[in-house]
Amino acid sequence: MNIMEIFDTMEYGPAPEAANPGLAWIKEHQPFGLFINNKWVKPAGKQYIESINPSTGKPLARVAAASSADVDRAVAAARAAFEMWGKTPGHVRARYMYAIARHIQKHSRLLAVLESLDNGKPIRETRDIDIPLVARHFYYNAGWAQLMEQEMVGFEPVGVVGQIIPWNFPLLMLAWKIAPALAMGNTIVLKPARYTSLTALKFAEIMQEVGLPPGVVNILTGEASQVGEALVRHPDVNKIAFTGSTDVGRSIRRATAGSGKKISLELGGKSPFIVFDDADLDSVVEGVVDAIWFNQGQVCCAGSRLLMQENIADRLIAKLRERMEHLRIGDPLDKAVDIGAIVSPGQLKEIQRLVNQGVEEGAQMWQPSWACPTEGYFFPPTLFTNVSPATTIAQVEIFGPVLVAMTFRTPDEAVALANNTRYGLAASVWSENINLALDIAPKIKAGSVWVNCTNLFDASSGFGGYRESGFGREGGKEGLYEYAQPAWKTKAAQEFLIAIESTSANGAKSAHEDGSDEQSLAGEDNYQYGDDGTNGYHPVLPAIDRTPKMFIGGKQVRPDSGYSRDVYDARGRVIGQVGEGNRKDIRNAVEAAHAAGGWAIGTTHNRAQILYYIAENLSAREDEFARRVALQTGCTRADAANEVQVAISRLFSYAAWTDKYEGVVHRPPLRGAVLALPEAIGVIGIACPDEYPLLGFISLVAPAIAMGNTVVVIPSPQSPLSATDCYQVLETSDLPAGVVNIVTGDRDTLSQVLADHDDVDSMWYFGPLEGCQRVELASAGNMKRTWVSYGHPRAWLETVQGEGQEFLRESTQVKNIWIPYGE
Ligand code: NAD
Ligand code: MN
């Protein structure tokens, strides 16, 4: 192109960033080794894989392919390093992390070039977005390392963590994972995605440069089937953090079920981009470009569903097409290129397949008139109109530069359409009317909501999904809890293991079995049975039969099965019956819990009032509840009375928390604010522990409903009567029907139905290890959250273990609403 031609067309000339520094670095280092104990080591199986440059299709580098023997080696290195790193003072860890951030900045251009070469994404993005955010994550989390001792009192690192990341933001995903893990004192084995290992390997070199102690971070390149699976199943890994597809996330949930491994999953999405008719359409067009053509649309939170208010749809589509004609596709290292290459031929084929399917299903496809480069893996920006909401392209994550557009008429319709997906990662809302935008944001089931903006990320603001987009958050303070746990839990888990060993060794009987607790049984309850007559109480009248039914939708209903089960006292005598719940009862209860969803929208003041009222009504019947507890468990009257008092106090605690667990306002580096709101999860299934029939029930139900969830509760199967006694307390406390539903029966049978149920959003299970495993396995179906005890006991009477923030965090999921200021 000569100067006259440039003046004629006003076209951009090429502005290439030099590839040489990146290529030279590769040449110097390859074949790459695995990074274990701060050293480069050869893979045990002597296998290597090729990394390609997607914009040419040609080989770029040879990297090592680790096998399970290498995973063993790396985990052992991380375990050994944890002994020291886990005890290193926060300030020392902060210094290392600060150094890492600085070194990332020193090598920023090399990292940006390597990322573009290996992944195919435009240099403009790697240079201006990916790499600066990587540094930001290390700076931000260096701060949490510094503050951990003050701000995370009573918390400890989790141990050795396995981290598995995708190819779409290779170094940024690494930073999201490694920075908080290091800050909290964990050691790490990380597996980059098969196609994009290079920046992770450069990062390894940076750790050598800053002198991070050996074994704290280990990096294993290679195939998912070798490294990924071995890491997930490794018995000495305490946590798996995964970002990738929902299918693989599901398989990881299943593979780790019952193992006690902590997991966090950041999965796929099909995020709505909602445009109201009063939106600034020119901003909207630029927003759409950033939502779906950023990173070739290979973004988990891409705004891939454009929802337009009907009356502006034609105008917006015309503007979009015009803009699409001017998008520039080509060499990722060209600084004036908007769209680079798709990461791999397989991914390119998958995009093409879904686009073909969209056409077959009758949607109208439009692409700009210009052609893509023929070398390398390119796909043009694509727009579908005339899309019906149930079709494949409207439901399935395409993970490419493909936008599907649909229309709505009213705000309610927009919300319904937006939530018509199994995912819940992000959403973007466009309107010049702040009232409308802020009315819509809380109604959308998604972890991030961007108001008049899109695809904004920052280390200070948590990111993560609702529903099948996964669970756990990365970023913000909430992200730290993925890498830290209460110290008492580590201790309790160890003691529990020792206890199990000694019990199985000498076959000790429980106190109940050998009757040694006999004298503590509450004498005055014997009158109901009159079988021993030793207490000198002779009833004249038989007691009126009290048969608790189920409590569903605010009503006491008979069990569907028509069967009852006996309830025994501590001496093994029958003291009553409760209904034998079945699948049908659980379904009805879940339905009732859903119908009561309005509970979450009510004011926190109102919810707090009702919790106080429940406490008041329980207190009015203290003696009766204490007697019942003593009768069922055989504890002393004094202990039983204490359990009731603690239950009342616990209700007060959550009444107090209801309007005080409020979230925060983040100040990321932009003109604006991010509201981080803890929201109710939805319907929670709760299986209560055997011990503390009243306190166990109250300790779990109270935080859940305080935070706006509705619940289906399975009381202690051994001692269900304290929960069923609560029916009347609940009925007289103004609690709306359906907020608390109680189904008695076999804990495991009923938990299975709840864990399998697609309309249950979270499942808590406090019972034996095998039951925990079954719950975790079944929950993979709709990726519901789980909270299980792994058979460990908990000191329910104590405040540290029995109430507080842990319960509140399990009762909520954080939504981040981004609100930029200014015109
Ligand atoms: P993927 O699930 O195929 O792979 C992700 C990672 O998991 C890779 O490192 C891969 O090697 C590894 N892996 C694959 N199978 C495994 C197994 N059975 N056991 C252990 N590890 C295994 O996903 P992908 O194609 O690399 O990435 C695209 C997907 O990632 C998209 O669905 C996208 O939505 C999702 N994603 C989500 C986020 C988020 O934060 N929520 C971010 C980026 C990408
Ligand atoms: Mn590559």
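Start at 1 and go down the list; that is how both ligands and their atoms are numbered. Everything numeric in this text was worked out from a predicted model, so none of it was measured.
- Residue Val248 approaches ligand 1 through these ligand atoms, each under 4.0 Å from one of its heavy atoms: 2 (O), 14 (C), 15 (N), 16 (C), 17 (C), 22 (C).
- Counting heavy atoms from C-beta on, the side chains of Arg127 and Glu115 never come closer than 4.5 Å.
- In Phe169, neither the side chain nor the backbone holds a heavy atom less than 4.0 Å from any atom of ligand 1.
- Gln395 contributes no side-chain N or O that, together with a main-chain N or O of Ala390, makes up a donor-acceptor pair within less than 3.5 Å.
- Counting heavy atoms under 4.0 Å from ligand 1, residue Val227 does not touch it at all.
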Trace of the salt bridge (Lys or Arg N to Asp or Glu O under 4.0 Å) decision for Glu679 with Lys815: CA-CA 7 Å; Glu679 289 191 338; Lys815 172 183 280 175; 3.3 Å; yes
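- Near Phe463, with a cut-off below 4.0 Å to any heavy atom, the atoms of ligand 1 are 40 (O).
- Polar contact check, Ser469 against ligand 1: no nitrogen or oxygen pair lies under 3.5 Å apart.
- Between Trp450 and Phe457, the ring planes lie perpendicular to each other; the angle is over 60°, past the 30° to 60° tilted range.
- Scanning the protein for heavy atoms near atom 12 (C) of ligand 1, the closest one is Ile164 CG2, 3.5 Å.
- In this structure, the protein non-hydrogen atom closest to atom 13 (N) of ligand 1 is Ala224 CB, 3.3 Å.
- Within the 4.0 Å heavy-atom cutoff, Phe242 counts among the residues contacting ligand 1.
- When side chains are defined from C-beta on, Leu354 counts as touching Thr392, because their heavy atoms get closer than 4.5 Å.
- Considering backbone and side-chain atoms together, Cys300 places no N or O closer than 3.5 Å to any N or O of ligand 1.
- The single protein non-hydrogen atom nearest to atom 23 (O) of ligand 1 is Ser245 N, 3.5 Å, given as residue, atom name and distance.
- Gly244 O, 3.1 Å is the protein heavy atom nearest to atom 35 (C) of ligand 1.
- Note on ligand 1: Tyr195 sits outside its first shell, no heavy atom being nearer than 4.0 Å.
- Salt bridge status for Lys784 with Asp758: absent, with no side-chain N to carboxylate O gap under 4.0 Å.
- Considering backbone and side-chain N/O atoms, Lys191 comes within less than 3.5 Å of an N/O atom of ligand 1.
- Atoms of ligand 1 found under 4.0 Å from any heavy atom of Ala193 (numbered from 1 in listed order, with element): 9 (O).
- Taking the ring axis of Tyr481 as reference, the NZ or CZ atom of Arg809 stays within 45° of it and closer than 6.0 Å to the ring centre.
- Residue Glu397 approaches ligand 1 through these ligand atoms, each under 4.0 Å from one of its heavy atoms: 31 (C), 32 (O), 33 (C), 34 (O).
- The Leu267 neighbourhood of ligand 1 comprises atoms 34 (O), 37 (C), 38 (C), 39 (C), 41 (N), with distances under 4.0 Å to a heavy atom of that residue.
- Atoms of ligand 1 lying under 4.0 Å from at least one heavy atom of Phe399, given by number and element, are 28 (C), 31 (C), 33 (C), 34 (O), 44 (C).
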From CA spacing to verdict: salt bridge (Lys or Arg N to Asp or Glu O under 4.0 Å), Lys177, Glu474: CA-CA 8 Å; Lys177 297 267 179 297; Glu474 296 187 292; 2.7 Å; yes
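- Contact annotation: the side chain of Asn186 never approaches that of Val160 to less than 4.5 Å [non-hydrogen atoms, C-beta and beyond].
- Looking at heavy atoms from C-beta onward, Tyr377 lies out of side-chain contact with Val343 at the 4.5 angstrom threshold.
- The protein heavy atom nearest to atom 21 (N) of ligand 1 is Gly228 CA, 3.6 Å.
- Under the salt bridge (Lys or Arg N to Asp or Glu O under 4.0 Å) rule, Glu468 has a single partner from Arg250, Lys270, Arg253, Arg785, which is Arg250.
- The cationic group of Lys121 lies under 6.0 Å from the six-membered ring centre of Phe169 and within 45° of the ring axis, placing it in a cation-pi geometry.
- Taking 4.5 Å as the limit, some side-chain heavy atom of Cys301 sits within range of a side-chain heavy atom of Phe463.
- Here's the thing with Trp167: one of its N/O atoms is less than 3.5 angstrom from an N/O atom of ligand 1.
- Counting only heavy atoms from C-beta outward, the side chains of Val227 and Val71 approach each other to under 4.5 Å.
- Closest to atom 44 (C) of ligand 1 among all protein heavy atoms lies Asn168 ND2, 3.2 Å.
- Residue Glu474 has no nitrogen or oxygen atom sitting less than 3.5 Å from a nitrogen or oxygen atom of ligand 1, judged on distance alone.
- Scanning the protein heavy atoms around atom 40 (O) of ligand 1, the nearest turns out to be Glu266 CB, 3.3 Å.
- Atoms of ligand 1 found under 4.0 Å from any heavy atom of Gly268, numbered from 1 in the order shown, are 34 (O).
- When Arg250, Gln163, Glu229 are checked for heavy-atom proximity to atom 19 (N) of ligand 1, Glu229 turns out nearest.
- Counting protein heavy atoms under 4.0 angstrom from atom 4 (O) of ligand 1 gives zero.
- Within a 6.0 Å radius of NZ in Lys445, no more than 12 heavy atoms belonging to other residues, nucleotides or ligands are found.
- Proximity to Pro166 (heavy-atom distance under 4.0 Å) selects the following atoms of ligand 1: 26 (O), 27 (O), 43 (C), 44 (C).
- If you look at Thr243 next to ligand 1, the close heavy atoms, those under 4.0 Å, come from the backbone and the side chain alike.
- The six-membered or imidazole ring of Trp25 lies near that of Phe32, with a centre-to-centre distance under 6.0 Å.
- Between Ile165 and ligand 1, a contact under 3.5 Å exists for at least one N or O pair.
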